[in-house]
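Structure record follows, encoded as structure tokens.
Lettering of chains follows the sequences in order, A, B, ..., and the numbering in each one begins at 1.
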There are 2 protein chains.
Amino acid sequence: MTERGGRIQTRQRSAVWAALEAAGEFQSAQQLHARLRADGDGVGLATVYRTLQQLADDGDVDVLRTADGEAVYRRCSTGRHHHHLVCRSCGRTVELDAAAVEQWARRIGEEQGFSDVDHVVELFGTCRECKETDRHI
Amino acid sequence: MTERGGRIQTRQRSAVWAALEAAGEFQSAQQLHARLRADGDGVGLATVYRTLQQLADDGDVDVLRTADGEAVYRRCSTGRHHHHLVCRSCGRTVELDAAAVEQWARRIGEEQGFSDVDHVVELFGTCRECKETDRHI
DNA sequence: GTTTGTGCAAATATTTTGCACTTGA
DNA sequence: TCAAGTGCAAAATATTTGCACAAAC
């Protein structure tokens, strides 16, 4: 467990932290809130936002913005990460081995004189099933 | 794909395009709207948004998200779709030509049976200057 | 017991959209 | 002419905040 300042330990924070761990990948506050509610761990949306904000301030999570402006959070990973291909419609997720991209990112960063280069790569599309049924969310 | 034939030339679009050129750097829709109003070129906020969206669709401008979720636009220097390498400390941005990544993303999507595949690729690091001065923001 | 966190709802902020009215080709 | 564009305001989203209540230490 990481040291997280003088913060109080509450059921809600543990739940958010656990949900982030369970997800493993970038999740929006809304997604986490829904996930928690589905699991029976009721946590207010505002509390989810506040908790994520603190975690981000403390550097315990990565924060990103999706193309449509939603903030997504991920527990900082110690080891190497992988990427995902996510269906816009049903949320189905495929894990990707992206060795080629890892190499590309590192090389580009070095070429530009940047250090501690991290990268974010996410693919979004419509999976075959959703395309056929023309389903929308 | 790039469908510019269906677009009408209007005073408003010229004004937005000119404002982008005048700014030279990343500007939010709100900033551009204010700038246009200040210059006496009244353009509705919705029109600014719609115009920027089209320009982005056509690949004529870069779109980025600031840390607080605002979309900012800049006239592309190359006119091609590309990605960014952003310094965590000073925000300096380097445009990347990522043909390799584009291909990889498209191929992976097709392999998995996904259509309309879009992708998000952003690199973050610490640029040489910030590393040397150990600057923080 | 005091300090900090939580939930709810209302408030912000940004961006999108419906619709009647213009306008450019 | 007339499809395409525009402005306005209302709606949709995502996130923040004020405040009374509850919980952790």
Side-chain angles (χ1 to χ4, degrees), chain A residues 1 3-20 26-37 39-58 60-74 88-89 91 124 136-137, chain B residues 2-20 26-58 60-74 120:
Chain A
M1 196 66 88
E3 166 61 41
R4 284 198 296 287
R7 255 111 212 203
I8 288 182
Q9 159 93 357
T10 65
R11 176 184 68 78
Q12 289 88 340
R13 279 182 197 164
S14 304
V16 170
W17 186 246
L20 274 168
F26 283 102
Q27 296 274 296
S28 70
Q30 311 274 355
Q31 287 175 310
L32 288 168
H33 178 244
R35 176 187 279 262
L36 287 165
R37 177 178 283 179
D39 291 354
D41 297 323
V43 177
L45 181 57
T47 298
V48 174
Y49 273 107
R50 279 187 283 232
T51 302
L52 289 172
Q53 227 168 41
Q54 291 174 348
L55 290 173
D57 285 347
D58 293 349
D60 292 325
V61 295
D62 293 327
V63 193
L64 248 196
R65 290 271 170 182
T66 64
D68 48 303
E70 217 180 359
V72 286
Y73 305 81
R74 182 185 65 181
R88 287 191 192 86
S89 181
F124 303 95
H136 300 295
I137 45 173
Chain B
T2 303
E3 192 82 272
R4 227 170 312 180
R7 252 122 219 196
I8 289 180
Q9 158 93 1
T10 66
R11 176 186 69 77
Q12 289 89 340
R13 281 184 195 162
S14 304
V16 170
W17 186 245
L20 274 169
F26 283 103
Q27 296 274 295
S28 70
Q30 310 275 355
Q31 288 175 309
L32 288 167
H33 178 243
R35 176 187 281 261
L36 287 165
R37 178 176 281 178
D39 290 355
D41 296 323
V43 177
L45 182 57
T47 298
V48 174
Y49 274 107
R50 280 187 281 232
T51 302
L52 289 172
Q53 228 168 41
Q54 291 174 347
L55 290 173
D57 285 348
D58 293 349
D60 292 326
V61 295
D62 291 328
V63 193
L64 263 189
R65 290 272 170 182
T66 64
D68 48 302
E70 215 182 0
V72 286
Y73 305 81
R74 184 185 60 180
V120 171

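- Taking atom CD on Gln54(B) and atom P on dT15(C), their separation rounds to 16 Å, with Å as the unit.
- Closest to the side chain of Ile8(A), out of dT6(C), dT4(C), dA14(D), is dT4(C).
- A donor-acceptor pair is defined here as one N or O able to donate and one able to accept, closer than 3.5 Å; no such pair exists between the side chain of His33(B) and the backbone of Gly44(B).
- In this structure, Arg13(B) reaches the dG5(D) phosphate: one of its side-chain N or O atoms is under 4.0 Å from OP1 or OP2.
- In this structure, CD of Gln9(B) is placed 10 Å from P of dT6(D), rounded to the nearest angstrom.
- At least one side-chain nitrogen or oxygen of Arg65(A) sits closer than 4.0 Å to the OP1 or OP2 atom of dT15(D).
- Remark: Arg37(B) CZ is loosely packed, at most 12 non-hydrogen atoms of other residues, nucleotides or ligands lying under 6.0 Å away.
- An OP1 or OP2 oxygen of dG5(C) is reached within less than 4.0 angstrom by no side-chain nitrogen or oxygen of Thr51(A).
- Near DNA chain D, meaning a heavy atom under 4.0 Å from it, residues 26-37 of chain B has no residue at all.
- Interface residues of residues 41-49 of chain B facing DNA chain D, ordered by number: Gly42(B), Val43(B), Gly44(B), Ala46(B), Thr47(B); criterion, heavy-atom separation under 4.0 Å.
- Of the candidate nucleotides dT14(C), dG5(D), dG5(C), dT14(C) has the atom nearest to the side chain of Glu70(B).
- The phosphate of dT6(C) has OP1 or OP2 within less than 4.0 Å of a side-chain N or O from Thr10(A).
- At a cut-off of 3.5 angstrom, counting only N and O atoms as typed in the model, there is no donor on one side facing an acceptor on the other between the side-chain of Arg11(B) and the base of dG5(D).
- Summarising the geometry, the separation between CG on Leu52(B) and C1' on dT15(C) is reported as 11 Å, rounded to the nearest angstrom.
- dA23(D) atom P lies 16 Å from atom CZ of Arg50(A), rounded to whole Å.
- One finds no side-chain N or O of Gln12(B) lying less than 4.0 angstrom from the OP1 or OP2 phosphate oxygen of dG5(D).
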